[in-house]
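Every chain is numbered from 1, with letters handed out A, B, ... down the list of sequences.
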Amino acid sequence: MTVRTRFAPSPTGYLHIGGARTALFNWLFARHHNGKFILRIEDTDVARSTKESIQAILDGMEWLGLNWDEGPFYQSQRFDEYRKHANILLEKGVCYKCYCTPEELEARREAALKEGRPPKYDGRCRDRADEPNMPYAVRFKVPPGTTIVDDVIKGSITFDNSSIEDLIIQRSDGTPTYNFCVVIDDVTMDITHVIRGDDHINNTPKQILIYRALGHKLPIFAHLPMILGSDKTRLSKRHGATSVMAYKDMGFLPHALVNYLARLGWSFGDQEIFSLNELIEKFSLESVGKSSGVFNPEKLLWLNQHYIKDTKSEDLGELMLPFLKEHGISAEADPRLPAIITTLKERAKTIKEMADSSVFYFREKIEYDPKAAQKFLLPENIELFNTLLEKMSGVADFTAHSLEAAFNSILEEKGLKLGKLAQPLRVALTGGTVSPGIFEMLEAMGREMAVSRVKDAIDYMKEVAAKA
RNA sequence: GGUCCUAUCGUCUAGAGGCCUAGGACGUGGCCCUCUCAAGGCUAAAACACGGGUUCGAAUCCCGUUAGGACCGCCA
């Protein structure tokens with residue numbers, strides 16, 4: 001039997017971190033078993049579902065590389081199917097018509113809560129014989145006894161059916177409700193493994209009861225522990241960015257997020273770094289932990305940095321262009337781009353950070369950081385810079401290697417340490433005191449720009465001398 | 001309030017009764033390297049929630065306590 005898993009988000013917002021991990025685990029499990037991964041949009045709540053949300057979820061999935069084999073299926077297009085099954089259950093007598101109005105139910109709920117009783121439906125329409133000409137909801141008649149959820153991750157969980165209320169499976173307007181659609185869909189789509197957040201555990205016995213009433217075999221259930229924020233409550237906007245696409249905008253690589261999410265709740269010995277293929281090969285539900293985990297942005301950052309170092313400069317260039325645009329820089333035609341990135345990628349935690357620190361490579365003129373200029377662009381360095389200019393113009397090939405040799409000869413001549421030369425030059429070249437290594441940076445920048453910046457620095461130092 | 005889930009360094013985790021003086025990773029501190037910043041290398045501090053059992057032996061199995069979390073809708 002082929003494994004079939006599904007991810008079934010409701011389109012009431014963007015794809016968030018928790019949903020992405022659920023999707024990822026479903027995807028990994030399906031891929032590991034050479035099965036099918038199905039995408040289903042749970043939009044039975046017509047009022048809250050939006051087209052924008054659907055698109056946002058699809059975008060997020062695509063960015064993460066979680067491709068689906070079937071779907072997206074939309075529950076809103078399957079209402080006839082649900083109604084048909086609801087009627088069957090009604091005829092079988094395992095469901096009944098409930099004529100209580102939402103207002104009445106709400107009033108009773110509040111009263112119960114006030115008196116400290118469980119806000120459970122009292123079943124007053126259960127054995128009603130008449131059929132008044134009024135709108136009715138279809139309720140499932142929960143049988144007595146106990147229902148056992150056999151969960152791959154959590155183990156066996158027993159529920160007393162008396163704690164489960166007669167749930168509505170079809171609203172009085174004829175639309176189906178969640179617990180019912182899920183079962184009908186999972187049955188008709190031949191889902192073999194239901195992998196979802198453990199916030200669904202309490203729904204599971206209800207769904208099992210419906211499976212039984214329908215006469216269908218149960219899928220295997222696996223309930224994933226929640227992802228928590230730093231205060232150990234359910235991850236939400238209060239904890240910062242929760243939208244997957246926000247991570248794209250912050251300059252994260254999709255695989256960094258995938259690797260991070262995979263390791264949040266799942267482990268493979270002491271291994272931290274996994275390629276996509278390794279993830280597929282090594283993933284198993286057995287090694288998913290039971291306890292919830294706190295989302296840790298620092299570790300994500302570390303992984304991102306790791307994968308940035310691991311990515312070819314050419315590819316990074318492509319990814320960096322949109323971030324450069326925000327600085328008003330169009331670098332797509334700049335042949336220096338890959339070389340520039342090579343100097344930067346060892347020291348960037350995000351693509352955005354890399355773009356921010358690359359700006360000096362692209363500007364016509366740079367501005368000096370006042371403190372840096374005051375400390376390093378001193379008139380006493382004019383002579384040194386003139387020598388530098390000669391060497392830089394004279395060196396046969398403008399590479400890190402020959403530049404280093406050329407610089408060393410200056411240093412030897414003047415009896416200087418590299419620091420005395422590198423820091424002033426760094427300020428002249430970049431405007432600040434922090435940058436990539438001086439030789440690799442010169443090579444990446446190119447002779448033309450380097451020479452012009454040294455000249456500018458000499459002019460600047462002369463001005464300073466004149467003022468003094 | 002009811003139902004259910006969970007409990008190892010600050011965080012993610014390894015741990016399947018003796019391999020545990022509890023391992024790895026992120027983060028944090030120190031040292032080395034060094035033209036700045038990183039990266040890299042080395043290193044340090046840092047945890048079995050508590051109480052009872054079971055056992056020759058418990059982080060590991062059982063029970064309880066405590067603490068956290070989720071769910072209890074004509075939302076999904």
Trainee: Can you tell me the Watson-Crick or wobble partner of B/U66, both distances under 3.5 angstrom?
Mentor: B/A7

Trainee: Can you name the nearest heavy-atom pair linking A/P11 to A/I54, along with the distance?
Mentor: CB-CG1, 3.5 Å

Trainee: With a 3.5 Å limit on both atom pairs, tell me what B/G1 is paired to, counting Watson-Crick and G-U wobble, or say none.
Mentor: B/C72

Trainee: Could you check which nucleotide pairs with B/G27 in any of the strands shown, counting Watson-Crick or G-U wobble with both distances under 3.5 Å?
Mentor: none

Trainee: Relative to the 5' end of RNA chain B, which residue comes earlier, A/R21 or A/E404, by the nucleotide with the nearest heavy atom?
Mentor: A/R21

Trainee: Could you check whether A/D199 pairs with A/R234 (Lys NZ or Arg NE/NH1/NH2 to Asp/Glu carboxylate O, under 4.0 Å)?
Mentor: yes

Trainee: Pick the C1' atom in B/A47 and in B/C4, then give their distance to the nearest Å.
Mentor: 27 Å

Trainee: Which word best sums up how the rings of A/W266 and A/F283 line up, parallel for under 30°, tilted for 30 to 60°, or perpendicular for over 60°?
Mentor: tilted

Trainee: How many Å lie between NE2 on A/H306 and P on B/G27, as a whole number?
Mentor: 13 Å

Trainee: Atom CE of A/M441 and atom P of B/A39: how far apart are they, to the nearest Å?
Mentor: 18 Å

Trainee: Are any of A/S435's side-chain N or O atoms less than 4.0 Å away from OP1 or OP2 of B/U36?
Mentor: no

Trainee: Can you tell me the base-pairing partner of B/C20? Count Watson-Crick or G-U wobble geometry only, both distances below 3.5 Å, and say none if there is no partner.
Mentor: none

Trainee: Counting Watson-Crick and G-U wobble pairs only, both distances under 3.5 Å, name the nucleotide matched with B/U34, or none.
Mentor: none

Trainee: Look at atom CD of A/E383 and say whether more than 12 heavy atoms of other residues, nucleotides or ligands are closer to it than 6.0 Å.
Mentor: no

Trainee: When all nucleic acid strands are considered with a 4.0 Å heavy-atom cut-off, which category describes A/F159: base, sugar-phosphate, or nothing?
Mentor: sugar-phosphate

Trainee: Taking any strand in view, what nucleotide pairs with B/C61 in a Watson-Crick or G-U wobble way, both distances under 3.5 Å?
Mentor: B/G53

Trainee: Indicate the ring-plane relationship of A/F221 and A/H223, choosing parallel, tilted or perpendicular according to the 30° and 60° boundaries.
Mentor: parallel

Trainee: Does the pair A/R171/A/D173 count as a salt bridge with the N-to-O cut at 4.0 Å?
Mentor: no

Trainee: Less than 4.5 Å apart, any side-chain heavy atom of A/R40 and any of A/F7?
Mentor: no

Trainee: A/F376 CZ to B/U36 C1': how many Å, rounded?
Mentor: 8 Å

Trainee: Check every strand shown and say whether A/Q271 touches a base, only sugar-phosphate, or nothing at a heavy-atom separation below 4.0 Å.
Mentor: nothing

Trainee: Looking at B/G40, does its base get a donor-acceptor pair with the side chain of A/E346 below 3.5 Å?
Mentor: no

Trainee: Scan every strand shown for a Watson-Crick or G-U wobble partner of B/A45, both distances under 3.5 Å, and answer none if you come up empty.
Mentor: none

Trainee: Go through the side-chain N and O atoms of A/Y361 and A/T343 and say whether any donor and acceptor fall under 3.5 Å apart.
Mentor: yes

Trainee: Can you check whether A/K309 has a side-chain N or O nearer than 4.0 Å to OP1 or OP2 of B/A38?
Mentor: no

Trainee: Assuming nearest nucleotide by heavy-atom distance, tell me which of A/V294 and A/S156 is located more 5' along RNA chain B.
Mentor: A/S156

Trainee: In the 5'-to-3' direction, what one-character label does each nucleotide of nucleotides 64-76 of chain B receive under the scheme B = base within less than 4.0 Å of a protein heavy atom, S = sugar-phosphate only, - = no such atom?
Mentor: -----SBB-SBBB

Trainee: Report which part of the nucleic acid A/I438 touches: base, sugar-phosphate, or nothing (heavy-atom distance under 4.0 Å, all strands).
Mentor: base

Trainee: Nearest of B/G24, B/G27, B/U3 to any side-chain atom of A/W302?
Mentor: B/G27

